[in-house]
Amino acid sequence: MKKFPFFVDISGWKIVVIGAGAIGTRRIRSLLPFGCEITVVAPAAEKEVESWAGEGKICWIARKYREEDVEGARLVLAATQEKAVNDRIEEAARKRGILFNRCDEKDACDFHFPGLIIQGDLVVGVNSGGRNHRQAAKVSSEIREVLKRMKNVETERME
């Protein structure tokens, strides 16, 4: 089933990301510009995640997932390499009525992450329903190029 592109203000939302590998890091990077409170639970993390934690941009809890980690969250992302752990995270989120996304089963997600293009106040999201990431990435790249050209045209007109 197709997902409706729903733009919502998530500033101040508690968002919990379980897993800090490549996928978790991409999810966190996507969320950072939107003013949410991100808590990451993972025994180890990519260097970028460690850096964000050191800068105070996120809270990183360096340990394995526990069910209580999702308490109070508005959004939970399961981004581990272990299906059984992602299953437990999904169960905990669903039991609490929390919006949920997991990296390994697109059909179990309440929402999908779009390819994001951000230019000033303009935010464009491109999504293929989790079915064709390469196509979404290609379209996102093309939109970025169009917006760059448009910005250059606007700058030239102002001069």
Side-chain angles (χ1 to χ4, degrees), residues 1-119 121 123-141 144:
M1 177 175 290
K2 294 182 190 268
K3 305 285 186 196
F4 180 78
F6 190 57
F7 288 79
V8 62
D9 180 1
I10 61 171
S11 59
W13 282 26
K14 178 181 177 183
I15 298 177
V16 177
V17 181
I18 315 297
I23 294 172
T25 300
R26 283 198 312 267
R27 301 291 189 255
I28 297 162
R29 187 182 307 113
S30 294
L31 292 166
L32 280 171
F34 296 97
C36 43
E37 298 173 16
I38 303 169
T39 298
V40 179
V41 180
E46 298 276 322
K47 295 283 186 212
E48 202 169 6
V49 174
E50 290 180 14
S51 177
W52 292 324
E55 296 167 10
K57 293 180 178 180
I58 65 168
C59 172
W60 173 32
I61 302 170
R63 63 163 167 71
K64 290 185 176 186
Y65 164 75
R66 298 179 190 152
E67 183 174 338
E68 62 267 17
D69 291 332
V70 303
E71 287 297 330
R74 305 257 323 252
L75 208 67
V76 171
L77 312 175
T80 78
Q81 298 292 323
E82 300 175 44
K83 182 185 180 331
V85 174
N86 290 345
D87 288 344
R88 288 189 3 249
I89 298 164
E90 179 178 3
E91 182 181 331
R94 299 246 182 258
K95 183 166 58 173
R96 292 164 176 82
I98 301 168
L99 286 171
F100 176 76
N101 175 280
R102 63 186 290 165
C103 66
D104 58 347
E105 289 185 30
K106 62 186 171 297
D107 292 333
C109 299
D110 294 323
F111 64 95
H112 297 129
F113 268 81
L116 287 174
I117 302 98
I118 301 172
Q119 183 176 312
D121 290 334
V123 178
V124 178
V126 177
N127 188 288
S128 65
R131 304 210 187 307
N132 192 336
H133 297 293
R134 284 194 176 111
Q135 181 185 35
K138 182 177 187 247
V139 170
S140 295
S141 178
R144 276 188 199 90

### Task
Decide yes or no for Val41 and Arg63: does some side-chain heavy atom of the first lie under 4.5 Å from some side-chain heavy atom of the second?
yes
### Task
Please examine the side chains of Asp87 and Glu105, heavy atoms only from C-beta on, and report whether any two atoms are closer than 4.5 Å.
yes
Kindly check if the number of other-residue, nucleotide or ligand heavy atoms within 6.0 Å of [atom1] ([X]) is above 12?
{"X": "Arg134", "atom1": "CZ", "result": "no"}
{"X": "Glu91", "atom1": "CD", "result": "no"}
{"X": "Gln81", "atom1": "CD", "result": "no"}
{"X": "Phe7", "atom1": "CZ", "result": "yes"}

### Task
Let me see the working for Thr25 and Trp52 under side chain to side chain contact (heavy atoms under 4.5 Å, CB included), right down to the final yes or no.
CA-CA 10 Å; Thr25 300; Trp52 292 324; 4.0 Å; yes
Rounded distance (nearest 0.5 Å) linking atom [atom1] of [X] with atom [atom2] of [Y]:
{"X": "Gln135", "Y": "Ser140", "atom1": "CD", "atom2": "OG", "result": "10.0 Å"}
{"X": "Ile15", "Y": "Ile28", "atom1": "CD1", "atom2": "CD1", "result": "10.5 Å"}
{"X": "Leu31", "Y": "Glu37", "atom1": "CG", "atom2": "CD", "result": "12.5 Å"}
{"X": "Thr80", "Y": "Asp104", "atom1": "OG1", "atom2": "CG", "result": "7.0 Å"}
{"X": "Glu71", "Y": "Arg96", "atom1": "CD", "atom2": "CZ", "result": "4.0 Å"}
{"X": "Glu46", "Y": "Ile23", "atom1": "CD", "atom2": "CD1", "result": "10.5 Å"}

Under 3.5 Å donor-acceptor, [X] side chain and [Y] backbone:
{"X": "Arg102", "Y": "Val76", "answer": "no"}
{"X": "Trp60", "Y": "Glu50", "answer": "no"}
{"X": "Ser30", "Y": "Arg26", "answer": "yes"}
{"X": "Lys57", "Y": "Ser51", "answer": "no"}

### Electrostatic pair Arg88:Glu82 at N-O distance under 4.0 angstrom
no
### Query
Does Asp69 come within less than 4.0 Å of Lys64, counting only side-chain N to carboxylate O?
no
Closest non-hydrogen atom pair between [X] and [Y], with its separation:
{"X": "Ala44", "Y": "Ala20", "answer": "O-CB, 3.7 Å"}
{"X": "Cys103", "Y": "Ala79", "answer": "SG-CA, 3.7 Å"}
{"X": "Val16", "Y": "Ala73", "answer": "CG2-CB, 3.7 Å"}
{"X": "Phe100", "Y": "Ala93", "answer": "CD1-CB, 3.8 Å"}

#### Entry: Verdict with reasoning, Ile18 to Asn86, per side chain to side chain contact (heavy atoms under 4.5 Å, CB included)
CA-CA 9 Å; Ile18 315 297; Asn86 290 345; over 6 Å; no
### Task
Would you mind telling me which of Asn127, Asn101, Val8 makes a side chain to side chain contact (heavy atoms under 4.5 Å, CB included) with Phe111?
Asn101
### Task
Given side chain to side chain contact (heavy atoms under 4.5 Å, CB included), test Val17 with Val49 step by step and report yes or no.
CA-CA 11 Å; Val17 181; Val49 174; over 6 Å; no
